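All remarks here apply to the structure that follows.
Fair warning: this is a prediction, and the values are worked out from it, not measured in the lab. We count ligands from 1, going down the list as the structure has it; atoms in each ligand are counted the same way.
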Amino acid sequence: MRYGYFDDARREYVITRPDTPVPWINYLGTDEYFGIVSNTAGGYSWHLDARLRRLTRYRYNNVPGDSGGRYLYLRDDASGEYWSPSWQPVRTPLDSYECRHGLSYTAISSSRAGIATETVYFVPRGENHEVWRLSVTNTRERAAEVSVFSSVEFALWDAQDDTTNFQRNYSTGEVEVVGGVIYHKTEYRERRDHFAYFACSEPLAGFETQREAFLGPYRGFHEPLGVERGELGNSIAHGWSPHGAHHVRLALQPGETREVVFLLGYWANPKDAKFEATGVVNKAGVKPVIEKWLDPQTVADALADLRSYWEDLLGVLHVDTPDRDTNRMVSIWNTYQCMVTFNMSRSVSSYETGISRGMGFRDSCQDLLGSVQLDGPRARQRIIDLAATQFASGGAYHQYQPLTKTGNDAIGSGFNDDPLWLVLGVAAYLKETGDTSILDETVSFSDGGEATLYGHLERSVQYTLDRTGPHGLPLIGRADWNDCLNLNCFSETPGESFQTTENREGGVAESVFIAGLFTLAARELAGIAALAGREAEAESYRADAEKMAAITAEHGWDGEWFLRAYDHFGNPVGSGKNAEAQIFLEPQGMCVMAGIGLTDAANPASGTLAERALSSVRERLTTPHGIMLLQPAFTTYHVELGEISSYPPGYKENASVFCHTNPWVMIAAALTGDGDAAYDYYRRINPSAREAIGDVHKCEPYVYAQMIAGRDAPTHGEAKNSWLTGTAAWNYVAITQWILGIRPELGGLRVDPVIPSSWPGFTATRRFRDATYQITVRRAGTLDSGIAEGASVTVNGERVIGTLLPLAPAGDTVRVEVVLPS
Ligand code: BGC
Ligand code: IFM
């Protein structure tokens, strides 16, 4: 069952019925002002930080779902009938409905009773406000008198407070209405001269700023009294629940279209003693901004500007392969999702409230892998911000708040994989940009002192070397990539689970996954050191990597696959010896990506460790809906393993298809030269390829979800936690760099495809370090070139040795032809 279709030419996903299985959302904003918007206009907005600088309210886990948002109401003033042009919240049946989610904008169109509307929601580039551009058309054969009402719930204060501290909130609300603009200025007194504003381009017939005045007592957003009556009472909120509602009356001739612009924004004045002393909100600064942005031409220009911003970003890589689902994900949606995860980390989605999580250290480092090619300067800044939340030990805060850029003490640190991801993020940045100056940036530590960024990377690696356990494998700490594998979660009291600082620090559980990650990171750092002319250090990191690889092959191998860990008591985790969770996916992917066991089979007949690990993955973990995280699923709770076994079988870390990890296996398969397996895994979780099973998959078909319920769950195949997941970056890396093989390296761009045998080839255009590479990949025998065997690469007709392309001068366009063995 489908709920819409891809419009690839317009780079939009078109939803054709409003009652999608779950809200299918989109993101507004590209810089500092952001919002989420669902296909029925649900959602909310914030400036920089969804917790600390929230603009509008949203109630998660609400009934009916997804109620609350950027609502407009239409009322036929002759009949008194009213409806929502976005279907929610009134849910009156519409004669037509269409929601187009585009790149940083959403357009919802509908019609009812001869009145057609289109509302485009977007945030202009570089501005701290959002625009709702409403067009209303009278398609009747007679004139129509229509009222339009707008509605937002203001919440410009700490969003955590908003949901808990009513004894205060109900008495702090303050608004002002001047010239039809509603200013929500609560909390300007003790904080700063900042406020939210909600303006409308048309003269108002009325407004409300107290929510209960708009809704009426005991009414919801589906039946506001003000809309029902066709009249608003000009309330001025003082305390209670500040609201923004405008009322505009339109008289429309047959066929006439009118455009109404609504502007919702955030404004902060520079500190000004005069205004602070008088306690007056200084609205003067925003006035010209409001005037400018209520002009339809400004709005049209900004929409065009937004489109060209995305046109430019998507120009970094465009591919044309034999598979439509690959093409649209790589060239449009996966890239878009990577940018969104770069912006949001794991903070705000349909599953993350914007309150409990800020920017994750490991998450943001991984997001860089898929977004660094899109905005080098912002990636650079992100790297510096992340490194600044490290401690002098090399450890790192697990999360930080985007507004303050300071680490979250409530969550703290001690996830022992965290620091190593920074090495991967910086390596990705250097490979893409070649900008080695970042290594010399001085960056402070959270607990005092400072070092160059290179020094931070050294400490990241040293952090692992300083924390190894009985087998010489890295200590896991609180957890590694798998947040729920809490192996130091032990207690002397049977059945009791707890993690104190003591047993976390005293715990000796070891992670084979971190061993793989360390090997990879140490190799990357060796490359970085060599690039920086530090050959002796490079050599020593190479030696560290070799040593850890050897320890992993010796103590981290279970017989047919890599072990996952050793618990605090030295028992193997992820071993054939165990009754449950005999094999975990993460170490199979990560160790092979690190090159462990990739070559030199001890016994050539049985294959390399990598080949054996991958065939175990295929036999034991693969489902039609993707690769499960572990098998067999935990059926009972294991106190010594922690949160992982608290999930029912098939969900989340307990044996779901945890999509984030699937690309590690795709990459591993590509590394063993198995393009068929790599691509097969890629397609299994590609959301576009799953569009036709929308009633099983349920989440948006244009973005990856964190997980798909595993074989053990009754809902096998159902996705959850869409949008904010490392799945976006890693799938992008797997398909573009390892399957299509267009791979930035420290020395330049490599083109080394490992494509499925069914493909005759593909073409791609890649912008890289200011030059453009037009790449054609074909199998030998499909060319007249006379080349029959072996891979060959030519650049502008000249044969090059190997697959690393010579760096083209900035501004050049070069033709790259790759001929693969047939
Ligand atoms: C989630 C992780 C999260 C962890 C925290 C897990 O269920 O998948 O994302 O970090 O819970 O306890
Ligand atoms: O690795 C984590 C990530 O940081 C947050 N989401 C879940 C993953 C696996 O536990």
Open item on the list: Under 4.0 Å, counting heavy atoms only: does K652 come that close to any atom of ligand 2?
Closed with: no
- [ ] Among W730, F361, F415, F658, find the residue that satisfies the ring-ring contact (aromatic ring centres under 6.0 Å, His included) test when tested with W481.
- [x] F658
Task: Proximity to ligand 2 by part of E653, non-hydrogen separation under 4.0 Å - done: side chain
- [ ] Just jot down the ligand 2 atoms closer than 4.0 angstrom to any heavy atom of W481, in number order.
- [x] 1 (O), 2 (C), 8 (C), 9 (C), 10 (O)
Open item on the list: As an exercise, identify every atom of ligand 2 less than 4.0 angstrom from a heavy atom of R362.
Closed with: 1 (O), 2 (C), 3 (C), 4 (O)
Open item on the list: Side chain, backbone, both or neither: which applies to D363 and ligand 2 if a contact is any heavy-atom pair less than 4.0 Å apart?
Closed with: side chain
Open item on the list: With nothing but distance in play, are any N or O atoms of N482 less than 3.5 Å from an N or O of ligand 2?
Closed with: no
TODO: Mind telling me whether W664 and H660 have parallel, tilted or perpendicular rings, with 30° and 60° as the class edges?
DONE: perpendicular
- [ ] Could you tell me whether Q706 approaches ligand 2 through its side chain, its backbone, both or neither, with non-hydrogen atoms closer than 4.0 Å?
- [x] side chain
Open item on the list: Does D418 form a side chain to side chain donor-acceptor pair (under 3.5 Å) with H398? I'd like the steps, not just the answer.
Closed with: CA-CA 7 Å; D418 269 338; H398 196 52; 2.7 Å; yes
Open item on the list: Can you tell me how the ring of Y702 sits relative to the ring of W333, calling it parallel under 30°, perpendicular over 60° and tilted otherwise?
Closed with: tilted
Open item on the list: If the test is side-chain contact (heavy atoms from CB on, under 4.5 Å), which one of I739, I667, V665 qualifies with Y681?
Closed with: V665
Task: Electrostatic pair E32-R53, nearest N-O below 4.0 angstrom - done: no
